[in-house]
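All remarks here apply to the structure that follows.
All of these numbers come straight from a predicted model, not from anything done at the bench. Chain naming here is simple, since letters A, B, ... match the order of the sequence lines and numbering starts at 1 in each.
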There are 2 protein chains.
Amino acid sequence: MSDTDDPQADDPQAARPHTGRRRNEAAHRAILDAALHLLAESDGTPVTIDAIARTAGVGKQTVYRWWPSKGAVLLDALTDRADRDVSDHPDTGALRTDLRAFIETTFDAAQRSTTASALRTVAREAARDPHLADLMRTFTETRRSALHELLTRGRERGELAGDADLDLIVDQVYGVFWYRFLLGHGPLDTAVAERLADTLVTGNDAPGPATRS
Amino acid sequence: MSDTDDPQADDPQAARPHTGRRRNEAAHRAILDAALHLLAESDGTPVTIDAIARTAGVGKQTVYRWWPSKGAVLLDALTDRADRDVSDHPDTGALRTDLRAFIETTFDAAQRSTTASALRTVAREAARDPHLADLMRTFTETRRSALHELLTRGRERGELAGDADLDLIVDQVYGVFWYRFLLGHGPLDTAVAERLADTLVTGNDAPGPATRS
DNA sequence: TGATTGTCGAGACTGTTAGTCTTGTCAACC
DNA sequence: GGTTGACAAGACTAACAGTCTCGACAATCA
């Protein structure tokens with residue numbers, strides 16, 4: 001985000017390219033690192049902008065010069081991490097295995113201790129911060145459509161009924177994930193991932209005994 | 001909650017240690033009503049204690065004399081409403097129909113406009129208020145065990161595999177519900193309720209009685 | 001070199017809100 | 001009539017998001 005500045009070379013609009021001191025890339029990184037660090041530490045307790053600025057050795061205004069709100073900083077820090085995690089979900093050729101891998105990866109990534117508290121904290125902040133809530137909506141939307149795509153592939157291969165409600169399946173996966181992740185009343189381990197994946201494909205595609213005509 | 005006080009008439013328990021003015025039941029109700037009213041109005045925007053007190057025509061201290069925190073008031077107001085809603089889920093004798101009814105009732109109750117914003121607001125506040133989060137945990141736990149019971153009945157009747165993961169099924173239902181309810185990216189209507197119920201029992205139990213039209 | 005422009009760190013300031021404390025009043029019981 | 005404790009009103013404290021100000025400094029231009 002926010003690299004709308006500093007067209008060193010040619011600005012077609014105006015004659016003057018850029019005068020004055022340039023933005024400090026190091027400060028940008030320091031803020032992101034500080035946010036991620038604090039996010040990883042804090043288990044649930046909200047992370048304050050003052051703390052981020054102080055940890056980064058930066059003025060508060062500098063934070064607000066790069067990001068529009070606290071939520072934006074937090075989400076940026078989180079995705080900085082999460083995007084490294086999600087990576088690619090391989091196409092194994094079979095829906096069941098694809099789905100298992102996807103869910104397992106999701107569960108694992110979210111529970112790596114550093115990511116876990118970050119994700120939890122951001123989710124909590126999003127509940128109160130409409131700006132962040134909006135950013136989170138795109139964040140989750142991205143994940144949902146990745147899963148949706150995976151399911152579409154499976155359906156095209158005939159591994160799901162033609163009239164299967166893919167959106168519902170997607171939400172069953174992420175619903176269980178977030179519900180357990182935020183409330184913490186049940187496990188999100190490999191066994192659950194496999195059971196969940198199997199349940200979702202079994203309804204329409206039998207592993208052995210055909211269940212439905 | 002909190003009716004441990006003030007038996008207007010005669011306390012059979014010997015000498016009353018209580019002197020001084022008695023607590024005002026009307027104020028108690030007024031606070032609850034005000035909270036529910038504001039909760040129903042506010043769509044997402046947090047409800048403040050000042051607003052509740054002002055609306056109820058009551059001093060802030062009076063609120064805190066009856067409840068330990070803002071969250072407690074809100075949840076009390078919400079359950080005051082929700083308990084009237086949830087009521088009883090009839091035993092129709094067939095898991096599929098029981099489950100459909102349960103899910104549909106849940107979806108419907110949560111989306112009645114007055115309840116919807118209340119539930120949403122309380123959920124949002126719970127994300128920040130650890131005290132309220134705790135109360136919410138028991139709140140959700142209660143609903144989960146009601147559904148778990150329903151599923152157990154079905155399993156005993158042989159309508160679910162003996163090794164089915166009932167907790168996972170429960171969390172698929174409530175996971176989808178909360179996920180869609182809070183993010184609002186997908187519908188929570190009758191069609192979804194039926195599809196979800198069918199998916200959850202179909203994996204292990206063939207469609208028995210003809211219910212579809 | 002010096003002027004101009006815009007970023008920097010530091011921190012004061014504003015506005016909001018949860019929760020506490022204070023004050024003077026009023027109701028219940030002795 | 002005196003004691004006690006709930007009452008309404010509202011001042012007060014402590015956090016915190018976000019804005020504003022200031023003096024320092026860096027990049028560019030004249």
Side-chain donor-acceptor pair present, B:R180, A:Y174, cut-off under 3.5 Å: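 The criterion, which ignores hydrogens and geometry beyond distance, is not satisfied for A:Y174 and B:R180.
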
Have A:H185 and B:D167 got a donor and an acceptor in their side chains that come within less than 3.5 Å?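 Judged by distance alone, the side chains do not pair up.
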
Side chain A:Q61 and base C:dC8 donor-acceptor under 3.5 Å: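 No such pair is found, so the answer is no.
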
Side-chain-base donor-acceptor pair under 3.5 Å for A:K60 and C:dG11: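 Donor-acceptor pair under 3.5 Å: no.
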
Out of [options], which has the shortest distance to the side chain of [X]?
X	options	result
A:K70	D:dA17, C:dG19, D:dC7	D:dA17
A:Y64	D:dA24, D:dC7, D:dT19	D:dT19
A:R21	D:dA17, D:dC25, C:dA18	D:dC25
A:T62	D:dC7, C:dA18, C:dC8	C:dC8

Using a heavy-atom cut-off of 4.0 Å across all strands, would you classify B:V73 as base, sugar-phosphate, or nothing?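 It contacts nothing in the nucleic acid.
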
Which is true for B:V63 with a 4.0 Å heavy-atom rule: it touches a base, it touches only sugar-phosphate, or it touches nothing?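 If one applies the 4.0 Å heavy-atom cut-off, B:V63 turns out to touch nothing in the nucleic acid.
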
Length of the line joining [X]:[atom1] and [N]:[atom2], which is rounded to integer Å:
X	N	atom1	atom2	value
A:R124	D:dA17	CZ	P	16 Å
B:L38	C:dA18	CG	C1'	16 Å
A:R54	D:dA15	CZ	P	12 Å
A:I52	D:dA17	CD1	C1'	11 Å
A:R128	C:dT16	CZ	P	15 Å

Give a yes/no on whether any side-chain N or O of [X] is located under 4.0 angstrom from OP1 or OP2 of [N].
X	N	value
A:R65	C:dC8	yes
B:T48	C:dT17	no
B:W67	C:dA18	no
A:R23	C:dG6	no

On DNA chain D, does the nearest nucleotide to A:G71 precede the nearest nucleotide to B:V58 from the 5' side, or the other way round? Give the residue.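 The answer here is B:V58.
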
Looking at the rings of B:W67 and B:H28, which for Trp means the six-membered one, are their centres under 6.0 Å apart?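 Yes.
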
So, do B:Q172 and A:T199 sit near enough that their side-chain heavy atoms are less than 4.5 Å apart?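 Yes. Closest side-chain heavy atoms under 4.5 Å.
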
Please report the interatomic distance CG(B:L39) to CG(B:D33), rounded to the nearest 0.5 Å.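 The distance works out to 12.0 Å.
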
